[in-house]
Every structure is written in structure tokens, then in C-alpha cells.
Amino acid sequence: MSLFDKFEPTAKLLQSLLDATPRDPFSVKMDEMKGPTRAIVEGKEIVLAGTNNYLGLTYDESAVNAAAEAVKESGTGTTGSRFANGTYAGHRQLEEDLAKFLGYKYCMVFSTGYQANLGAISALAAAPHDVILIDADCHACIYDGCQLSGAETIRFRHNDPESLDKRLSRLGPEVKGKLVCLEGMYSMFGDVAPVKEFVEVAHKHGAYVLLDEAHSFGVFGENGQGVCEAEGVRDQVDFYTGTFSKSLASIGGFVASNHPQLEYLRFSSRPYMFTASPSPANIAAASAALSRISSDSSMRENLWKNAKRIHEAFTQLGFETCAPVGPVIAVKLANKEQAFMAWNVLMEHGVYVNLAIPPGTPNATSILRLSVSAAHTEEDLDVVVSAYTALSQILSKQAKEA
């Protein structure tokens, strides 16, 4: 018996799929970055349409200069956790700026968005008297936060407030604390949660709401505060989590709240206390990106314009998309084999997107996941539409021959 035996079924499945296609979708190497929407892969320039660079700020001059200056002034790393020697002035300033931008009183910065959810959830809920209720399609870091907490975890049907209501109604008086976890926009399909309804249901039962706006921060709402702003309930969300690795074009994460007890997490959240803090460069880049988002709505407007064009083009080509117009546009494929083939077709035509297959996708669906960027030019979008047009023709031919 080996520790590695459990990996064999997955390894064999992956190998069988790779044997039928020219390249591996899960090990693409960007040999040279040419900007926020272009890269050289295998000697060929391709359009990047699967990077979550929603506002295109990874090459923003202010962010790049801020990161470079931070390295010169404060070094390349902190060499310690936030709890020990890893809290610099920049960390505190970014916490204040994020709280102000979102309209909350308190904010904690973590080393990654993953750790923000892991650290917040595992510290907020605990066995045996607390219960966590999570949307079935929540991200892995939310599931892992639940597991680390040790609290009983109950799933409710995806984007179904009635399902949450039923599960909360069944909880007995022995339950002391109730935490509901959901996301603003879900990263795989790009579907948006009915946050207002969820908040109403949760608070009716005395539960707290933790909302992960990782993929919707900077994108939704009049000011870019997320889906909760767009639905008018930002001030009713108890814990707002997010990441720097999407619209903020850096690495890190945060949790914000109006509850003063959030500060307790600084000495009770293990992922906060025992992980090296974000580097000065990451903090400076995120701070500069936040300043751009706060002052320039044109990026958000351009993102939605680009998203509308792509979604309309895919619909006209006959693709089945997983959600209405949004920054994430996922196209359903018949099965894993077709998805691998389709991904390779797009790469041959100069477009990189994300391939996602079961068990990493909801409802055992195989998809090509495209993330739109405000930095995508008309020429970029022309290449994307052309590649999907070629794919549509191939799929149509295969369907006729079947």
C-alpha cells in the first residue's frame, strides 16, 4: 500500500485525455509576458483571456512604479508574520484604505485571498456550538476554512435562499453561532448570487453573513464595491472577504467588517498569525491599484462593454453559456474529451482560456472559462471571436458526422 495509490485513477484519466491532444491545458508556461492581455507561448503570441485580470492593472504604471519603489525602500520580503515582525506601515495603511473604500470600519490584510477565507472562517466558527452554512458551489478555500474550524458544516443549494431558510429553520437551540458563507460572483460559471435575499434570510435567523467578493470586487456596483453594493446591502454584510490577485493586480487578501470584534482575529486566526505577511511590493501594488479603482470608473465601463461583445458573439455562434453577461463567460462542452480538444483548438488560433472539468466544476460540467479584461483591445476581442468561430465550425462538423 502506498501513499500515492489514491492518485492513480486521476492520473490515468488525465493521461488518457492528454494522449489525444497536443498540449497540456494545466501546465501552460508563459515564456514572455507582452502586457496585460498578451504573452508568448511556445514561440507564438497569444491573447490572454483566462487570467482574471479584470481591470487590466497588472501593467498599470502607478502600480508598477509603487511596487518597484517599495522594494527599494523596504526590501523584497517581510521575513515574518503579521503577528510577529511582518506588519509594516504599508499593511496598516492599506487596511485603512480598503475599509474606507468599502465603507467598513475594520479590515485585516492576509497573505493571499485563500488565506483570508481560511483564516476568517476558521477563527469565527468553532465546534461544538457553532454551525457554518455554505453555498454548495463555494470555493475550495471556504470549504477548507470550514474544515479547519471544526464546526459543523451544512451545505445549501446553490443560489437558493429558500434552501438556506429551510436549513436554518431546522437548527436547534443548542446552536450558539451561525455563519452563512457565499460568494458575490462564482468564479467557474460567472453566475451572481442573490445577495440581498440571502442577507434577509440569514439575519432573520440571527446568522452572520460572510460574503466572498474575490471575483466581483472592483467590477460590480457603481463604485466597484461588489455585488453587495449593486444590490444595496453592502452595509448589511457582516464579513466581506476579497483578494488582491484579481482586480487589484497583486497578491494578498483581506476581510472587512463593521464588527469591532474583527480585531480578535489578529490573535486567533492561525493563517494570519503563522504565515509570512505580504511583501512590500505586493502591498504597494495593491494600494496603487485601489487608488485607480477609486478614482477611475472607465476601466469598469470598458470591462462591461467588452463582456457584452463577447457574450453576444458566443450566443450568435450557438454556444451554451453558463450565466448572463458578466466578467466570466463560461461555455459548456459535451464532455471532458471534447473540452480538451476545444481548448487546444483555441490555443492553435492564438487564444488562451481556462479549461475546467469535473470534479472541479459544478454539476459535473466541462467548460471553457473565459475572463474578460478592461485591457482587452478591439484587436484582442477580434482574435477571440475568430478563434471561437473556428471552434464552432469544428464542433458543428463533428455533430453532423456523429
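Counting begins at 1 with the first residue of the sequence.
Taking the ring centroids of Tyr186 and His158, they lie under the 6.0 Å cut-off. His91 has its ring centre less than 6.0 Å from the ring centre of Tyr88. In this structure, the ring of Trp304 has its center less than 6.0 angstrom from the ring center of Phe220. Aromatic ring centroids of Phe267 and Phe83 lie 6.0 Å or more apart.
Shortest non-hydrogen contact noted between Asn335 and Ser366 is C-OG, 3.5 Å. The two residues Thr321 and Phe314 make their nearest non-hydrogen contact at CG2-CB, 4.3 Å. When every heavy atom of Ile329 is checked against every heavy atom of Ala307, the shortest pair comes out as CD1-O, 3.6 Å. For the residue pair Leu17 and Thr21, the shortest heavy atom distance occurs at O-OG1, 3.3 Å. Here the closest heavy-atom approach between residue Ile132 and residue Cys146 is recorded as CG2-SG, 3.6 Å. Listed here is the closest heavy atom pair of Val227 and Ser216: CG2-CB, 3.8 Å.
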Ser163 and Asp160: CA distance, side-chain angles, deciding distance, side-chain hydrogen bond (donor to acceptor under 3.5 Å, both in side chains) verdict:
CA-CA 5 Å; Ser163 176; Asp160 189 338; 4.9 Å; no

Begin from the C-alpha positions of Asn117 and Thr241 and carry the test side-chain hydrogen bond (donor to acceptor under 3.5 Å, both in side chains) through to its verdict.
CA-CA 7 Å; Asn117 278 325; Thr241 63; 2.9 Å; yes

Test side-chain hydrogen bond (donor to acceptor under 3.5 Å, both in side chains) on Ser287 and Gln93; report intermediate values, then the result.
CA-CA 9 Å; Ser287 295; Gln93 186 61 56; over 6 Å; no

Can you list the steps and then say if Asp19 with Gln15 is a side-chain hydrogen bond (donor to acceptor under 3.5 Å, both in side chains)?
CA-CA 6 Å; Asp19 287 342; Gln15 191 58 54; 2.8 Å; yes

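A donor-acceptor contact shorter than 3.5 Å is absent between the side chain of Asp191 and the backbone of Ala323. Of the possible polar contacts, one joining the Glu231 side chain to the Lys196 backbone as a donor-acceptor pair under 3.5 Å is found. Ser373 contributes a side-chain N or O that, together with a main-chain N or O of Asn53, makes up a donor-acceptor pair within less than 3.5 Å. The backbone N or O of Arg155 lies less than 3.5 Å from no partner atom in the side chain of Asp135, so there is not a single donor-acceptor pair. Side chain of Ser371 to backbone of Asn52: a donor-acceptor contact under 3.5 angstrom is found. A distance-only check finds no donor-acceptor pair linking the side chain of Asp60 to the backbone of Gly56 [under 3.5 Å]. Between the side chain of Ser392 and the backbone N or O of Leu317, at least one donor-acceptor pair lies under 3.5 Å. Put simply, the side chain of Gln115 never gets that close to the backbone of Phe110: no donor and acceptor are under 3.5 Å apart. Counting only distance, with no hydrogens or angles, the side chain of Arg38 and the backbone of Leu48 share no donor-acceptor pair below 3.5 Å. With Glu95 contributing its side chain and Val109 its backbone, the two residues share a donor-acceptor pair below 3.5 Å.
Ring geometry for Phe4 against Phe7 counts as tilted: the plane angle lies between 30° and 60°, on a 0 to 90° scale. The aromatic rings of Tyr240 and Phe254 sit parallel to each other, their planes meeting at less than 30°, with 60° as the upper class boundary.
Note: Leu211 CG to Phe198 CZ = 10.5 Å, rounded to the nearest 0.5 Å. Here the straight-line distance linking atom CD1 of Ile394 with atom CD of Gln398 works out to 7.0 Å at 0.5 Å rounding. Separating the OG atom in Ser257 from the CG atom in Leu262 is a distance of 5.5 Å, to the nearest 0.5 Å. Rounded to the nearest 0.5 Å, atoms SG (Cys138) and CG (Asp144) are 12.0 Å apart. Rounded to the nearest 0.5 angstrom, Lys176 NZ and Leu171 CG are separated by 12.5 Å. Summarising the geometry, atom CD belonging to Gln236 is positioned 7.5 Å from atom CD belonging to Glu200; distances are rounded to the nearest 0.5 Å.
Atom NZ of Lys6 has more than 12 heavy atoms from other residues, nucleotides or ligands within 6.0 Å.
With contacts defined as side-chain heavy-atom distances shorter than 4.5 Å, the pair Val41/Met347 qualifies.
Partner of Ser277 under the side-chain hydrogen bond (donor to acceptor under 3.5 Å, both in side chains) criterion, chosen from Thr78, Asn85, Thr87: Thr78. When each of Tyr208, Tyr104, Tyr106 is paired with His259, the ring-ring contact (aromatic ring centres under 6.0 Å, His included) condition holds for Tyr208 and for no other.
Between the side chains of Asn302 and His376, no donor N or O sits under 3.5 Å from an acceptor N or O. One side chain, His215 or Tyr54, offers a donor N or O that lies under 3.5 Å from an acceptor on the other.
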